[in-house]
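One structure is given here, and the rest of the page talks about it.
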Amino acid sequence: MQSITRELGRRVTEAMIAGFGDQAVGVDPLLKSTQDPSFGDYQANFAMGLAKRLGRRPRDVAAAVVEKVDVSDLCDPPEIAGPGFINFTITPAAAGRRLQAVPPTADGVTDRVGIAQSPSPDVIAIDMSSPNLAKEMHVGHLRSTIIGDCIARVLEFEGHVVHRINHVGDWGTQFGMIIEHVRRTHPHVLDDPEHLQLGDLEAFYVEARRQFDADPRFADAARKAVVDLQGGDPETLAVWKAFCGESLRHCHVIYDRLDVRVEDRGESFYNDMLAGVVQELGDRGFAEESDGAMCVFLDGFTNKQGDRLPMIIRKSDGGYNYATTDLAALRHRISALGATRLLYVVGIPQKQHFDMLFAAARKAGWAGEGVELTHIGFGSMLSSTGKMFKAREGGTVKLRDLVDEAVERAHKVIEASEQDPDKRRGLSSGQMRAIAETVGTGAVKYFDLSHSLGSDYRFDWDTMLSMDGNTAPYMLYAYARIRSIGREAGVDYAAIPAETPIVLEHDCEIRLGKTLLKLPDVIDQAAREYRPNVLTDYLFELSKAYNLFYDRKRGVRVKDASPESVRLSRLRLCDLTARSLKLGLHLLGIGTLEQM
RNA sequence: GCGCCGGUAGCUCAGUUGGACAGAGCACCGGAUUUCUAAUCCGGCGGUCGGAGGUUCGAGUCCUCCCCGGCGCGCCA
């Protein structure tokens, strides 16, 4: 399945050049899908802008292009409307042909629904999730984890090589008290460091902190542990390593549950590169000493007094901080991983840090012209009352608890449904648990990803678990329903011959077919703009189109449609819808259900 | 003080390098069910897009100023 806007855009561009020669070279035809079906399916908006440059009337410019453009195999004759819009209406026959050409699913690989990969794959490093290992993962890590996963999935789908880098916090002074606390509570840790087990990481951290504050001898030991750690003392390193391993295992329980894959790479990995970073920046005159600290000063950054704002890369006590680590990591991703696109899925409050980091990397020449550096910032997750998200007791909410509650709530909905004689499906308790897991985690992810990245959003259980509206349950239901129709019709969708014609006649068939054709454009836009909600909006549109297609009153019959050619055509539409939904949800990191 | 991000329907949110009368869900009102999964569908109600200027053929979108909210601003990450 190819992008229609690209196809139409190519032809319009040719017609523009045929009509206006060099003056039209490089002019974007501005092709997009229309908002209102009365304007057709796609529109080209270049005429107003081009007319201005040419000193001509927009409608005349549009008319000249319409005269030259050949789209008769795709559309009705293009129409000029308003100030100079050119409207294209895809013919049902052309839409049917394009859908029919989508190859069938192949076993064992991700169904691409006929969408080609990028001919020029990039190596991309995505900085995502990145919790601090000293503590348990909390809700603050949710957005980076699932947004990063979604963007990684989309870019991987496009054929790029993606490193999902989990830049975990495994270094710093707080590990001193952790190490000391491990020693005291698990005295035999060194005998078997791989099998250190901690039931509650958060409680462990809190207790370590309490001891540190309450017991001077503990505090001294903790400080000594920091020194030993930095000095490379083997025994201290072993304890530290054992703790980090255990903490990572806790993280991966959640990653597995959320079906998120990451490459763990702790900050400590870059430790022996830090001195070199500072040395080189200093030698080349990009960094200078200020109040005892080594600082990089960059144009355009000032502090509250209006003085230039430093990026501190070595503290006055000789220690390094996150700016140094991030610079080292950036270099490593470019030079060692070969990445040409570095993405950072980190909250908006850190925007200034990334602005400075990128500016410094450019200045030092570590990131050249050909390297993209992008901070994919996102807003905060707020409670339903609009405040910062906190547990009832006031502390942070563990991510694990959030996921548990989501699944539990989904399970209750399913149980209630099974109690209702009109709704019950006769699910086993095992099936109910499996469905609740997909619906619960899917609901949380979908709700998050359906918001535009930049804005804060209010976390609301009832909305995200609602069957109505732009939610995971609605989408999952639409998918399950289509799969059920296939079973009821006694067909294996995958076995319907690929040459079976798809004929779009009824309005709801035409609408569904044309919506299906938008999928490549949607994925393309989501990838280009790093915007998951482009995908969710589309899935909602597709689900609505399908539900209308299948509606008792306004839709068409499928299972018992006749003649057989119409029945098969509609079953293929069902199949393509299911495949598109499955692919879209997969790119969001959400699994599908054959039944719910 | 400087900077960043927000302010769109009663509520929660979309709005694609500026494009056609500003969209959706929830809520509310009304309609459709001898069920191919109604966990659905259709219709109605509802907005001077925070305010004021400006640029433009055209502004929710760009520029300036102001109001309100959140966040950041030298050795935490």
Side-chain angles (χ1 to χ4, degrees), chain A residues 28 30 32-36 38-39 43 45 48-49 51-52 57-58 81-85 87 130 132 169 172-174 267 290-295 300-307 309-317 319 321-323 325-326 347-353 355 377 379-380 382 384 386 388 413-414 417 420 422-423 425 450-452 454-458 460 462-463 466-471 473-474 476-478 480-486 488-489 521 525 528-529 531 533-534 536-537 540-541 544 547-548 550-555 557-561 574 595-596:
Chain A
D28 190 331
L30 292 173
K32 45 193 71 172
S33 56
T34 57
Q35 264 189 331
D36 186 330
S38 67
F39 300 133
Q43 58 181 298
N45 298 346
M48 287 77 83
K52 188 166 203 169
R57 288 190 303 207
F85 301 108
N87 294 337
S130 306
N132 188 320
T173 50
Q174 75 270 45
E267 294 175 323
S290 171
D291 292 340
M294 279 298 275
C295 305
F301 295 93
T302 53
N303 66 13
K304 47 186 138 185
Q305 282 80 38
D307 300 330
L309 180 68
M311 181 166 75
I312 295 173
I313 54 174
R314 193 181 62 208
K315 300 187 285 183
S316 53
D317 67 3
N321 55 17
Y322 74 134
T325 308
D326 278 348
I348 283 178
Q350 293 199 50
K351 176 174 163 40
Q352 188 177 54
H353 166 65
D355 286 346
S380 305
L382 306 174
S384 55
M388 292 302 282
V413 172
I414 297 158
S417 173
D420 185 334
D422 292 335
K423 295 180 179 176
R425 313 252 191 262
S450 64
H451 290 82
S452 60
S455 51
D456 297 346
Y457 75 84
R458 297 184 182 209
D460 185 74
D462 293 335
T463 302
S466 167
M467 279 305 304
D468 296 309
N470 191 8
T471 66
Y474 181 93
L476 290 168
Y477 177 69
R481 202 182 182 200
I482 299 171
R483 299 298 296 172
S484 165
I485 290 160
E488 284 295 310
D521 280 326
Q525 189 189 356
R528 212 173 43 244
E529 301 176 5
R531 283 181 48 193
N533 75 317
V534 168
T536 58
D537 284 354
F540 188 39
E541 185 186 342
K544 280 193 289 194
N547 282 326
L548 183 58
Y550 195 70
D551 186 66
R552 280 175 202 166
K553 270 288 170 8
R554 321 226 171 208
R557 299 296 300 179
V558 175
K559 185 173 96 175
D560 50 8
C574 288
Q595 186 185 8
M596 73 179 273

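In what follows, chains are A, B, ... by sequence order, proteins preceding strands, each numbered from 1.
Checking the phosphate oxygens (OP1, OP2) of G19(B), no side-chain nitrogen or oxygen of N45(A) falls inside 4.0 Å. Side-chain N/O atoms of R552(A) include one lying less than 4.0 angstrom from OP1 or OP2 on A38(B). R557(A) has a side-chain polar atom (N or O) that falls below the 4.0 Å cut-off from OP1 or OP2 of C36(B). Remark: K544(A) is not in phosphate contact with U40(B), judged by side-chain N or O atoms under 4.0 Å from OP1 or OP2.
Atoms NZ (K553(A)) and P (U35(B)) sit 11 Å apart, rounded to a whole Å. Atom pair Q352(A):CD and G74(B):C1' shows a separation of 12 Å (rounding to whole Å applied). With rounding to whole Å, N321(A) atom CG is found 13 Å from G74(B) atom P. A straight line from CD1 of I313(A) to P of A77(B) spans 14 Å, rounded to a whole angstrom. We find that CG of D307(A) is positioned 17 Å from P of G1(B), with the value rounded to whole Å. Between the CZ atom of F301(A) and the C1' atom of G72(B) there is a distance of 12 Å, rounded to whole Å. The CE atom of M311(A) sits 16 Å away from the P atom of C76(B) (whole-angstrom rounding). What separates CE of M48(A) from C1' of G18(B) is a distance of 10 Å, to the nearest Å.
For D36(A) against C21(B), a side-chain-to-base donor-acceptor contact under 3.5 Å is present. A donor N or O paired with an acceptor N or O is found under 3.5 Å between the base of A77(B) and the side-chain atoms of Y322(A). The base of A20(B) lies close enough to the side chain of N87(A) for a donor and an acceptor atom to sit less than 3.5 Å apart.
Atom name P, nucleotides C62(B) and C49(B): the rounded distance is 16 Å, in whole Å. Here, G51(B) and G44(B) have their C1' atoms 32 Å apart, quoted to the whole Å. Taking atom C1' on both C5(B) and G31(B), the two are 44 Å apart, rounded to the nearest angstrom. Nucleotides G15(B) and A20(B) place their C1' atoms 15 Å apart, quoted to the nearest Å. Of the P atoms belonging to A9(B) and A24(B), the separation is 14 Å, rounded to the nearest Å. Spacing between G46(B) and G6(B) at atom C1', rounded to whole Å, works out to 24 Å. Taking the P atoms as reference points, G43(B) lies 26 Å from G60(B), given to the whole Å. One C1' atom belongs to C26(B), the other to A14(B), and the distance between them is 14 Å to the nearest Å.
Both I485(A) and S466(A) lie near RNA chain B, and the one whose nearest nucleotide falls closer to the 5' end is S466(A). The residue among F85(A) and A323(A) whose nearest nucleotide of RNA chain B lies closer to the 5′ end is F85(A).
Residue L309(A) is in sugar-phosphate contact alone, with no base atom involved, counting any heavy-atom pair closer than 4.0 Å across all strands shown. Across all strands shown, M596(A) has heavy atoms under 4.0 Å from base atoms, whether or not it also approaches the sugar-phosphate. Residue contacts shown for A561(A) are absent, as no nucleic acid heavy atom lies under 4.0 Å away. Within 4.0 Å of A489(A), counting heavy atoms only, lies no atom of the nucleic acid at all. Looking at heavy-atom distances under 4.0 Å, E267(A) makes contact with sugar-phosphate atoms alone, never a base. In this structure, Y550(A) reaches the bases: a heavy-atom distance under 4.0 Å links it to at least one base atom across the strands shown. Looking at heavy-atom distances under 4.0 Å, D468(A) makes contact with sugar-phosphate atoms alone, never a base. Nucleic acid contact class of A480(A) (heavy atoms, under 4.0 Å, all strands): base.
Base pairing of G3(B) is made with C71(B), judged by Watson-Crick or G-U wobble geometry with both donor-acceptor distances under 3.5 Å. If you check U56(B) for Watson-Crick or wobble pairing at under 3.5 angstrom, you find it has no partner at all. Nucleotide G18(B) forms a pair with no other nucleotide shown, judged by Watson-Crick or G-U wobble geometry with both contacts under 3.5 Å. Partner assigned to C45(B) is none, using Watson-Crick or G-U wobble distances below 3.5 angstrom. U61(B) is unpaired under the criterion used here, namely a Watson-Crick or G-U wobble arrangement in which both key atom distances are under 3.5 Å. Using N1 to N3 plus N6-O4 or O6-N4 for Watson-Crick, or N1-O2 and O6-N3 for G-U wobble, each under 3.5 Å, A38(B) pairs with nothing. Across all strands shown, C11(B) is found opposite G25(B) as a Watson-Crick or G-U wobble partner, with both distances under 3.5 Å.
The side chain of N547(A) approaches C41(B) more closely than any other nucleotide in the set A39(B), C57(B), C41(B). For M467(A), counting side-chain heavy atoms from C-beta on, the closest listed nucleotide (U40(B), C41(B), C36(B)) is U40(B). With distances taken from any side-chain atom of E488(A) to the nucleotides C36(B), U40(B), C42(B), the minimum falls on C36(B). Picking from C2(B), C41(B), U40(B) the nucleotide with the shortest atom distance to the side chain of R481(A) gives U40(B). Distance from the side chain of K423(A) is smallest for A39(B) among the nucleotides A20(B), A39(B), G72(B). When each of A39(B), G19(B), C75(B) is scored by its nearest atom to the side-chain atoms of P83(A), the top-ranked nucleotide is G19(B). Minimum atom distance to the side chain of K559(A) is reached by C36(B), of the listed U40(B), C36(B), C2(B).
With a 4.5 Å cut-off on side-chain heavy atoms, P58(A) and P83(A) do not count as touching. Within the 4.5 Å cutoff, side-chain heavy atoms of L476(A) are placed close to those of M596(A). You'll find the side chain of R483(A) stays beyond 4.5 Å of the side chain of Q595(A), heavy atoms only. The shortest side-chain heavy-atom distance between D456(A) and H451(A) does not fall under the 4.5 Å cut-off. You'll find the side chain of L382(A) stays beyond 4.5 Å of the side chain of Y457(A), heavy atoms only.
The aromatic ring centroids of Y474(A) and F540(A) lie less than 6.0 Å from each other.
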Pair H353(A)-Y322(A), side chain to side chain contact (heavy atoms under 4.5 Å, CB included): steps then yes or no: CA-CA 10 Å; H353(A) 166 65; Y322(A) 74 134; 3.5 Å; yes
Please encode protein proximity along nucleotides 4-16 of chain B as a string of B, S and -, counting only heavy-atom distances under 4.0 Å. SS------SSSSB
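Remark: R57(A) CZ is loosely packed, at most 12 non-hydrogen atoms of other residues, nucleotides or ligands lying under 6.0 Å away. Surrounding CD of E529(A) are more than 12 heavy atoms belonging to other residues, nucleotides or ligands, all under 6.0 Å away.
Although no hydrogens or angles enter the test, the distance criterion places no donor-acceptor pair under 3.5 Å between the side chain of T302(A) and the main chain of D307(A).
For F540(A) and A24(B), the ring-to-base geometry does not satisfy the stacking test (centroid distance below 5.5 Å, interplanar angle below 30°). With its ring centre under 5.5 Å from that of the base six-membered ring and a plane angle below 30°, F39(A) counts as stacked on A20(B).
Taking CG of N547(A) as the start and CD1 of I482(A) as the end, the distance is 8.0 Å to the nearest 0.5 Å.
I312(A) and C295(A) make their closest contact through CG1-SG, 4.0 Å (heavy atoms, listed as atom of the first residue, atom of the second, distance).
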